[in-house]
**Q** 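Following this message is one structure expressed as structure tokens.
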2 protein chains.
Amino acid sequence: MRVEGKRLAREPQLVLEHFLPYRLSVLSNIVSSRIAKFYEERFQLTIPEWRVMAVLGRFPGLTAAEVTERTAMDKVQVSRAVGRLQKTRRIEQRAVEGDRRARHLFLTETGHGVYVEIVPLARDYEHKVTATLSAAERGQLDRLLDKLLAAAGTL
Amino acid sequence: MRVEGKRLAREPQLVLEHFLPYRLSVLSNIVSSRIAKFYEERFQLTIPEWRVMAVLGRFPGLTAAEVTERTAMDKVQVSRAVGRLQKTRRIEQRAVEGDRRARHLFLTETGHGVYVEIVPLARDYEHKVTATLSAAERGQLDRLLDKLLAAAGTL
DNA sequence: ACAATATAGTTTCACTTGCAACTATTATCA
DNA sequence: TGATAATAGTTGCAAGTGAAACTATATTGT
């Protein structure tokens with residue numbers, strides 16, 4: 001009934017800590033949870049909320065559906081993040097003329113202030129994460145992520 | 001009240017799709033959710049369960065605490081995965097002599113069969129994800145992940 | 001024009017998750 | 001030895017999640 005002894009030697013094995021999906025997941029979880037903790041403590045902001053603010057900072061007036069396209073979040077997540085951001089007065093909405101289902105979303109002045117404050121902090125954190133990499137390695141990392149993201153999208 | 005017009009041009013901006021934490025999260029989520037779906041459909045297995053099985057396949061007899069150390073899962077997650085795996089008869093436990101709190105965990109014959117079936121499938125998937133990379137790039141990826149994981153762990 | 005479809009966004013539900021509290025057991029040390 | 005602290009593992013709870021159902025509005029085809 002038990003599995004032990006030399007049988008194992010010849011059988012397929014998987015070394016979890018060398019397994020790409022596992023490594024990606026661990027790395028991503030570490031990075032995301034640190035950021036999440038930081039945003040939460042400092043701004044009472046979740047990562048989905050931050051993502052919505054980030055795209056609205058760059059593209060004021062997107063609708064929720066357009067935010068969804070640009071963030072790899074699903075529409076439920078966006079809807080909830082938008083709801084919370086409105087409650088906390090970081091974003092506001094205006095009618096889309098010609099379509100009463102959708103609304104344009106904008107950072108409020110308050111929201112924009114938060115955005116402007118976070119952006120350099122986010123960059124700092126990114127730099128810390130990649131601090132042990134050389135410039136060449138950072139370039140490699142970018143290229144590899146591009147390729148992997150493209151590949152993963154079409155699998 | 002609104003944020004628009006040329007003000008934006010001079011203000012800090014963050015391009016989400018170039019932001020490392022975001023990119024890592026998106027890539028990891030795509031990869032993990034595909035795998036999760038596959039494991040679920042084919043083996044009624046969650047990723048935490050699979051991780052537990054993967055380490056027990058390689059290190060039969062670990063205790064739950066030891067599984068925790070080796071998987072970057074927390075003990076609650078391990079406890080629940082172990083519970084489900086016992087219910088589905090994929091693992092079993094034996095007493096640890098000299099400590100009645102802990103138990104050694106082993107794959108059952110059934111569990112081992114699942115393990116042996118999954119391992120090559122997992123490898124295949126990994127290869128598919130990296131199929132667009134050259135051998136050199138795969139090497140780079142490994143090295144970069146090593147460095148980033150080491151760095152992230154100590155931040 | 002109007003029935004059938006599609007889309008924007010919200011809500012419900014079942015499930016997962018992590019934190020903290022908890023039980024049981026073992027280790028420490030005065 | 002007996003009190004205190006540490007450890008293994010489980011459970012309760014509050015919050016987050018995605019899938020599917022739902023409302024409201026817009027589009028399409030006849």
Side-chain angles (χ1 to χ4, degrees), chain A residues 25-26 28-30 32-41 44-52 55-56 61-88 91-106, chain B residues 25-26 28-30 32-41 44-52 55-56 61-88 91-106:
Chain A
S25 168
V26 170
S28 169
N29 285 343
I30 293 174
S32 286
S33 64
R34 307 255 165 154
I35 293 195
K37 196 174 173 189
F38 178 72
Y39 290 168
E40 168 56 33
E41 286 172 357
Q44 292 79 54
L45 209 59
T46 65
I47 286 187
E49 283 165 43
W50 156 242
R51 287 186 181 176
V52 170
V55 296
L56 292 181
L62 294 185
T63 64
E66 290 163 343
V67 170
T68 300
E69 283 169 26
R70 291 190 168 277
T71 54
M73 299 162 74
D74 72 15
K75 63 179 182 170
V76 175
Q77 225 176 352
V78 171
S79 170
R80 285 168 177 150
V82 165
R84 288 189 296 262
L85 287 171
Q86 280 173 330
K87 218 177 288 177
T88 54
I91 69 174
E92 60 187 357
Q93 35 178 253
R94 265 186 289 161
V96 170
E97 58 180 286
D99 191 340
R100 281 185 296 173
R101 294 169 303 181
R103 280 138 295 175
H104 293 299
L105 301 171
F106 298 86
Chain B
S25 168
V26 170
S28 169
N29 285 343
I30 293 175
S32 287
S33 66
R34 306 253 165 154
I35 293 194
K37 196 174 172 188
F38 177 72
Y39 290 167
E40 167 56 33
E41 284 172 358
Q44 291 78 55
L45 209 59
T46 65
I47 286 187
E49 283 164 42
W50 156 243
R51 286 187 183 176
V52 170
V55 295
L56 292 181
L62 294 184
T63 64
E66 289 162 343
V67 170
T68 300
E69 282 169 27
R70 292 190 167 275
T71 53
M73 298 162 75
D74 72 15
K75 63 177 182 173
V76 175
Q77 224 175 353
V78 171
S79 170
R80 286 169 177 151
V82 165
R84 289 190 295 261
L85 287 171
Q86 278 173 333
K87 218 176 290 177
T88 53
I91 68 175
E92 61 187 356
Q93 35 179 254
R94 265 185 289 161
V96 171
E97 59 180 285
D99 191 340
R100 283 183 295 173
R101 295 168 303 180
R103 280 138 294 176
H104 292 298
L105 301 171
F106 299 87

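Throughout, protein chains are lettered first and strands after them, A, B, ... in sequence-line order, and every chain is numbered starting at 1. Because the structure is predicted, anything quoted here is derived from the model rather than measured.
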**Q** Using modelled atom types only, decide if a donor and an acceptor are shared between the side chain of B:Ser32 and the backbone of B:Asn29 within a distance under 3.5 Å.
**A**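 Side chain of B:Ser32 to backbone of B:Asn29, a donor-acceptor pair under 3.5 Å: no, none is there.
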**Q** Rounded to whole Å, how long is the line connecting atom CG of B:Asp74 with atom P of C:dC19?
**A**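 Distance check: B:Asp74 CG to C:dC19 P gives 7 Å.
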**Q** State the OG1-CZ distance between A:Thr63 and A:Arg103, to the nearest 0.5 angstrom.
**A**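 It comes to 9.5 Å.
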**Q** Taking CH2 from B:Trp50 and P from C:dT16, how many angstroms apart are they, rounded to a whole number?
**A**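 Those two atoms, CH2 and P, are 20 Å apart.
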**Q** Is the phosphate of C:dT16 approached by B:Gln77 (side-chain N or O, under 4.0 Å from OP1 or OP2)?
**A**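 No.
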**Q** To the nearest angstrom, how far is A:Ile47 atom CD1 from D:dA15 atom P?
**A**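 Distance check: A:Ile47 CD1 to D:dA15 P gives 18 Å.
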**Q** Between atom CE in B:Met73 and atom C1' in C:dG18, what is the gap in whole Å?
**A**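 In whole Å, C:dG18 C1' lies 13 Å from B:Met73 CE.
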**Q** Consider only side-chain N and O atoms of B:Thr46 and B:Arg80, and report whether a donor and an acceptor are under 3.5 Å apart.
**A**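 No, no side-chain donor-acceptor pair sits under 3.5 Å.
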**Q** Find the distance between CZ (B:Arg70) and CE (B:Met73) and round it off to the nearest 0.5 Å.
**A**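 CE of B:Met73 is found 14.5 Å from CZ of B:Arg70.
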**Q** Indicate the atoms forming the closest heavy-atom contact of A:Ala64 with A:Leu105, along with that distance.
**A**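 For A:Ala64 versus A:Leu105, the nearest heavy atoms are N-CD1, 3.9 Å.
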**Q** Between atom CD in B:Gln44 and atom P in C:dC15, what is the gap in whole Å?
**A**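 Whole-Å distance recorded here is 15 Å.
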**Q** When you measure only distances, ignoring hydrogens and angles, does the side chain of B:Arg80 come within 3.5 Å of the base of D:dG12 through a donor and an acceptor?
**A**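 Such a pair is found, so the answer is yes.
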**Q** Report the distance from atom CD of B:Glu40 to atom C1' of C:dA14, rounded to the nearest whole Å.
**A**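 Value for this atom pair: 14 Å.
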**Q** Determine whether any donor atom in the side chain of A:Arg100 lies under 3.5 Å from an acceptor atom in the base of C:dG9, or the reverse, and answer yes or no.
**A**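 Between C:dG9 and A:Arg100, which were checked side chain against base, a qualifying N/O pair under 3.5 Å is absent.
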**Q** Please encode protein proximity along nucleotides 2-9 of chain D as a string of B, S and -, counting only heavy-atom distances under 4.0 Å.
**A** ----BBSB
**Q** Would you give the length of the straight line joining atom CZ of A:Arg84 to atom CD1 of A:Ile91, rounded to the nearest 0.5 angstrom?
**A**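 The CD1 atom of A:Ile91 is 11.0 Å from CZ of A:Arg84, to the nearest 0.5 Å.
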**Q** How close or far is atom P of C:dT16 from atom CG of B:Leu45, stated in whole angstroms?
**A**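 Taking atom P of C:dT16 as the reference, CG of B:Leu45 is at 13 Å.
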**Q** If I take atom CG in residue A:Leu62 and atom C1' in nucleotide C:dG9, what distance separates them, rounded to the nearest angstrom?
**A**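 Spelled out: CG on A:Leu62 to C1' on C:dG9 is 15 Å.
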**Q** Working to the nearest 0.5 Å, report the span between CH2 of A:Trp50 and CG of A:Leu85.
**A**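 Interatomic distance, A:Trp50 CH2 to A:Leu85 CG, rounded to 0.5 Å: 11.5 Å.
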